Amino acid sequence: MTVFEHAGKLLIVDCGVLFPEETQPGIDVILPDFTAIRDRLDDVVALVLTHGHEDHIGGVPYLLKERADIPVIGSELTLAFLTAKLKEHRIKPRTVHVEAGDTHRAGPFGLEFVAVNHSIPDGLAVAIRTAAGMVLHTGDFKMDQFPLDDRITDLRHFARLGEEGVDLFLTDSTNAEVPGFTMSERDLTPAIENVFATAPRRVIVSSFASHVHRIQQVLDAAHAGGRKVAFVGRSMVRNMKIARDLGYLTIPRGLLVDFKKLESVPDDKVTLICTGSQGEPMAALARMANDDHEIKLADGDTVLLASSLIPGNENAIYSIINKLIDLGARVVHKGNAKVHVSGHASAGELVYCYNIVRPRNVMPVHGESKHLHANADLARRTGVPDDHIVVARDGVAVDLLDGKITVAGQVPASLVYVEGTSVGRATEPILDERRTLRDGGVITVLAIVDPTTNTLTEPLEFLTRGFVHDPDTLTGVTDAVNKALEAPKTRAISDLTALETVISEAVARYLRRRYRRPPAVIAVVVDD
Ligand SMILES: [Zn+2]
């Protein structure tokens, strides 16, 4: 989510979510922090969406819950995916449909949209003109020269904007570390066709529910192999219906079958295309690997992983692949066949863009620190002066003034956690507690004390969950607690909560020192 401010008005570009990592147990999605604009929502003139991926539109329901009538500007497919998502939140957005080449005025911002190619159809870059200068924001993009829909990133348009003078270029950094050029989607066709030609029984394809072109390739290969296809998973069924209705997906007649009616089709004529609950593929595969999915894997099935192995999660993914193999499946993934290419421009493409646009200032966006810095380095190598490049972390405010960018300040930008219906309630200390519970289990200590002396009047009682122990493990705890209670400072405590803290700390200290194990300890003190 990026916010532009000019003449007292705000323009928002994208509003996505992050998905939690293993270190964030219990979290469904992570939202951008709206704190900095919450008091100024009436100043927002529009929200521009560059494309329909979750990390660019997933936060929109939560933003519109704060102000429902913000005009949302985007391409046809982006708005269709968004509208379907908002329907589940019972929100009807005010949408403005634009296409590549269109211009649109939103308050003091003059907008112009440019076609870009990405791993979802209908992506747009946006040029933003104000009296302070022109900004070009690429959104996510790559430069596939042979995309399935023949809609390439419009470099001639980029060049025209460059001639006019791009004062600030915000560009996708995701693949800035990858040398060369991202391979064309079309180059995957032979490997995908080969999977279908050689699969002895069912083919189960897992993909992002938004990767319309990849799914088109799978449909075509399945059709050529005389197979039937069923979509599995709510977001996959929903998105593919939208993509088909709007003409982004072509499904030959008779190819599609309802999942429940597949029983009458022989296994070697079956294709299942599935995704996870948030549209991401790995969740569905993890459930299949654990036999907790409506698709039950069997000997001789082929699993085609037509998506990225999400970086940072490699170990989790390889363990899923191993389980799928143990269940008898053959697993085809980007590690053993050319069945996936990235949706983002590699270093070679980014350098072309810098040389075509010739921006005065550069701010790399989309990616972690290493990607942003790699992208900054590419800009530097094409001749952008060092003091005209800003690598900004979340929340950094950047001024564009007299053709030069400078870091101007910082606004609050923490991670806002969503779990179930609660938004922003889970905090870092809460996640700390969850990690402790997960790693060490929990011990509850019940202490009955004499309120006049703060000494134990009954033996301690223990209740444990996830903490492994035998009868002797906890015997030393009583001594440790007695010692803590004997301290003169402790004897004077009259507050029960303070006494509980003394006891829980004594128990935790003892277990850490004696067994090198740190469970969560909860002490409950009852006056005798
Ligand atoms: Zn994207």
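Whatever order the structure lists them in is the order used to number ligands and atoms, beginning at 1. The model shown is predicted, which means the values in this text are computed figures rather than measured ones.
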Student: May I ask you to check whether H118 and H213 place their ring centers less than 6.0 Å from one another?
Tutor: no
Student: Pick out which of D149, D220, D144, D150 makes a salt bridge (charged side-chain N to carboxylate O under 4.0 Å, His left out) with R186.
Tutor: D150
Student: Please report whether the ring centroid of F81 lies less than 6.0 Å from that of H53.
Tutor: no
Student: Mind reading off the angle at the Zn ion (ligand 1) between the NE2 atom of H118 and the NE2 atom of H51, rounded to 10°?
Tutor: 100°
Student: With carbon and hydrogen excluded and only N/O/S kept, which atom of H53 is nearest the Zn ion (ligand 1)?
Tutor: ND1
Student: Report the atom name of the nearest N/O/S atom of D140 relative to the Zn ion (ligand 1).
Tutor: OD2
Student: Less than 4.0 angstrom from a charged side-chain N to a carboxylate O is my criterion; do E88 and R234 meet it?
Tutor: yes
